[in-house]
Amino acid sequence: MPELPEVEVVRAGLEPAVTGATVSSVTVFDERSLRRHNGPSEDFSYRLEGAGFTGASRRGKFLWLPMTGGAEALVVHLGMSGQVLLRDRETDDRLTRIRLDIHHPVHGDLRLNFVDQRIFGSMSINDYVDTVDVEGQRVPRQVAHIARDPLDPYFDDARFFGQLARRNTGIKRALLDQGLISGVGNIYADEALWAAKIHYDQPAATLSKARAKTLLAEVRLVLGKALAEGGTSFDAQYVNVNGASGYFSHSLNAYGQQGRECPRCGRLIVRETFMNRGSHFCAFCQRLRLV
DNA sequence: CCCAGACCCTGTAGGC
DNA sequence: TGCCTACAGGGTCTGG
């Protein structure tokens with residue numbers, strides 16, 4: 001998916017519609033979208049129907065709607081192709097895997113369609129655990145192993161640098177490790193590495209503290225900028241809750257730009273396969289540095 | 001523990 | 001037109 005900016009756009013779009021709303025009915029069209037729910041689909045529906053939502057929260061690429069009573073939340077992960085579309089009660093969407101009809105005291109009858117082509121995403125009902133680093137803060141159990149994202153005020157920069165210094169793996173692999181830093185995916189990893197002039201396979205531990213700081217700053221910059229532009233969409237697959245696309249694809253410097261000129265030096269951006277994905281970079285600006 | 005790779009899925013685009 | 005391949009923004013599990 002959807003990386004941090006796109007998930008945040010969805011969260012922000014859902015918040016006013018779900019806060020204070022109650023669930024009228026649940027329809028599960030494809031049980032595979034409940035892979036991460038601990039129990040059968042009947043259990044999922046039973047827990048939701050009649051329950052209310054009290055808000056919309058996020059950590060990294062995980063999204064959840066806290067439920068009334070405070071003991072459970074509806075956890076949503078969009079995977080590679082998931083969407084949550086906010087509709088009226090008459091609207092259906094192709095590839096809807098789960099449908100939630102809800103009622104909001106102000107906005108009336110609404111429908112949430114969880115659409116997911118590849119079914120890497122999921123919905124589930126989850127209980128909470130305390131966070132290990134901030135007293136009084138809880139997250140759904142399923143999210144507990146996910147690190148804070150770099151826009152989270154409690155993100156610990158020093159701890160992140162310390163962990164990088166102990167990793168021998170390539171820096172991009174580390175950036176994509178959601179247990180280290182969350183919310184960064186393939187697009188924004190490539191963009192931040194391009195901006196910081198770092199090769200994707202540079203061993204994390206060989207980065208100087210200064211370059212690591214630059215990289216984290218660029219990660220924050222690119223995530224923030226994408227968020228301001230409503231996220232990145234190349235097609236109708238990545239949209240906000242109203243089905244509209246973001247504009248950040250116009251601002252990409254490296255991702256998907258193979259064969260085009262590097263905006264900094266004019267040489268061609270190349271694409272290499274890495275981790276079953278593409279890595280896009282400028283081989284001149286972003287060179288492996290031997291230590 | 002760390003690390004690399006395989007795997008989970010479907011739909012679409014492009015080459016032949 | 002149809003067939004085939006490559007490709008897609010993620011997470012998790014396993015074996016070394």
Side-chain angles (χ1 to χ4, degrees), chain A residues 1-10 29-38 58-63 75-84 93-97 114-124 126 140-147 149 162-193 200-205 219 222-223 226-227 229-240 245-249 251-252 254-259 271-280:
Chain A
M1 122 172 330
E3 305 180 33
L4 186 155
E6 294 78 35
V7 180
E8 175 57 23
V9 166
V10 172
F29 298 103
D30 197 322
E31 303 244 351
R32 292 175 297 177
S33 291
L34 292 178
R35 193 173 358 135
R36 311 208 53 182
H37 179 72
N38 187 22
R58 181 187 58 76
R59 175 181 283 199
K61 305 168 192 171
F62 280 83
L63 176 68
V75 180
V76 184
H77 196 284
L78 302 176
M80 290 280 257
S81 55
Q83 306 172 10
V84 181
D93 290 289
R94 203 165 72 96
L95 303 177
T96 296
R97 310 300 185 186
F114 178 68
V115 173
D116 187 12
Q117 179 198 121
R118 295 176 74 181
I119 323 184
F120 287 172
S122 62
M123 280 187 158
S124 59
N126 218 202
R141 186 176 298 277
Q142 220 180 89
V143 182
H145 67 294
I146 301 294
D149 63 62
Q163 287 175 312
L164 280 190
R166 280 181 275 113
R167 293 254 176 158
N168 291 307
T169 191
I171 183 63
K172 181 169 174 183
R173 197 181 284 273
L175 277 182
L176 295 180
D177 183 342
Q178 306 296 302
L180 258 188
I181 178 172
S182 69
V184 182
N186 207 33
I187 296 181
Y188 301 114
D190 280 1
E191 290 301 306
L193 288 167
Y200 70 85
D201 212 15
Q202 183 76 38
V219 166
V222 71
L223 291 178
L227 191 50
E229 295 184 28
T232 301
S233 8
F234 306 116
D235 52 44
Q237 190 132 131
Y238 299 95
V239 296
N240 66 18
S245 299
Y247 288 95
F248 192 71
S249 60
S251 308
L252 295 172
Y255 182 86
Q257 306 303 302
Q258 62 271 25
R271 177 185 187 278
E272 287 182 6
T273 300
F274 176 71
M275 290 177 74
N276 275 335
R277 293 176 173 83
S279 271
H280 314 75

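Proteins get letters first, then strands, A, B, ... in listed order; numbering begins at 1 in each. Please read all numbers here as calculations on a predicted model, not as lab measurements.
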Between C/dT14 and B/dC9, how far apart are the P atoms? Round to whole Å, please. 15 Å
Which is the 5'-most and which the 3'-most nucleotide of DNA chain B that has an atom under 4.0 Å from a heavy atom of chain A? B/dC3 to B/dT12
Just jot down the side chain to side chain donor-acceptor pair (under 3.5 Å) partners of A/Arg141, sequence neighbours excluded, or say none. A/Asp127
Just by modelled atom types, is the A/Gly278 backbone N or O under 3.5 Å from a matching donor or acceptor in the A/Glu272 side chain? no
Which residue lies more 5' along DNA chain B, comparing A/Arg94 with A/Arg173 via nearest heavy atoms: A/Arg173
Would you call A/Glu3-A/Lys61 a salt bridge at under 4.0 Å N-O? no
For A/Tyr188 and C/dG10, what is the distance between atoms OH and P respectively, to the nearest whole Å? 10 Å
C/dG9 and B/dC3, which share atom name P, separated by this distance in whole Å: 23 Å
Does C/dG11 have OP1 or OP2 under 4.0 Å away from a side-chain N or O of A/His77? yes
Across all chains, not counting sequence neighbours, the side chain to side chain donor-acceptor pair (under 3.5 Å) partners of A/Gln178 are none
How close or far is atom C1' of C/dG9 from atom CG of A/Leu223, stated in whole angstroms? 13 Å
Return the value, rounded to whole Å, for the distance between atom CD1 of A/Ile187 and atom P of C/dA8. 11 Å
Report the distance from atom CG of A/Leu175 to atom C1' of C/dG9, rounded to the nearest whole Å. 15 Å
With A/Glu31, which residues qualify under side chain to side chain contact (heavy atoms under 4.5 Å, CB included), at least two apart? A/Ser41
Establish, with yes or no, whether the OP1 or OP2 oxygen of C/dG11 is under 4.0 angstrom from a side-chain nitrogen or oxygen of A/Lys61. yes
Decide yes or no for A/Ser279 and A/Arg277: does some side-chain heavy atom of the first lie under 4.5 Å from some side-chain heavy atom of the second? no
Under the salt bridge (Lys or Arg N to Asp or Glu O under 4.0 Å) test, which residues partner A/Asp116, sequence neighbours left out? none
Taking side chain to side chain contact (heavy atoms under 4.5 Å, CB included) as the definition, give me every residue that meets it alongside A/Val9, ordered by chain and number, with sequence neighbours left out. A/Leu227, A/Asn240
Report the nucleotide, chosen from C/dG11, C/dA8, C/dG10, that has the shortest atom-to-atom distance to any side-chain atom of A/Tyr255. C/dA8
Any stem touching DNA chain C, meaning at least three consecutive Watson-Crick or G-U pairs under 3.5 Å, ordered by first number, would be B:2-8 with C:10-16, B:10-16 with C:2-8
Report each atom pair, protein N/O against N/O of nucleotides 12-16 of chain C, whose distance is under 3.5 angstrom.
from, atom 1, to, atom 2, distance (Å)
C/dT12, OP1, A/Arg36, NH1, 2.9
C/dT12, OP1, A/Arg36, NH2, 3.0
C/dT12, OP2, A/His145, NE2, 3.1

Side-chain N or O of A/Arg271 versus OP1/OP2 of C/dA8: is the shortest distance under 4.0 Å? yes
5′-ward residue of the pair A/Arg32/A/Arg166 relative to DNA chain B: A/Arg166
Out of A/Asp177, A/Asp190, A/Asp201, which residue meets the side chain to side chain donor-acceptor pair (under 3.5 Å) rule with A/Lys172? A/Asp190
What nucleic acid atoms does A/Arg35 come within less than 4.0 Å of, heavy atoms only: base, sugar-phosphate, or nothing? nothing
Rounding to an integer number of Å, can you tell me how far A/Asp190 CG sits from C/dG10 P? 10 Å
To the nearest angstrom, how far is A/His280 atom NE2 from C/dC7 atom C1'? 10 Å
Quick one: A/Asn186 CG to C/dG10 C1', roughly how many Å, whole number? 10 Å
For A/Ser124, check side chain to side chain donor-acceptor pair (under 3.5 Å) against everything at least two apart and list the hits. A/Gln142
Set of ring pair (Phe, Tyr, Trp, His ring centres under 6.0 Å) partners for A/Phe274, sequence neighbours left out: A/Tyr200
Could you pull out all residues at least two apart from A/Asp30 that satisfy side chain to side chain contact (heavy atoms under 4.5 Å, CB included)? A/Arg32, A/Arg97, A/Ile119
Contacts of A/Pro203 that satisfy side chain to side chain contact (heavy atoms under 4.5 Å, CB included) - sequence neighbours left out: A/Thr206
Taken to the nearest whole Å, CZ/A/Arg118 to P/C/dA8 is 9 Å
Which part of the nucleic acid does A/Leu95 contact within heavy-atom distance under 4.0 Å: base, sugar-phosphate only, or nothing? sugar-phosphate
Give one of base, sugar-phosphate or nothing for A/Asp116, where a contact means two heavy atoms less than 4.0 Å apart. nothing
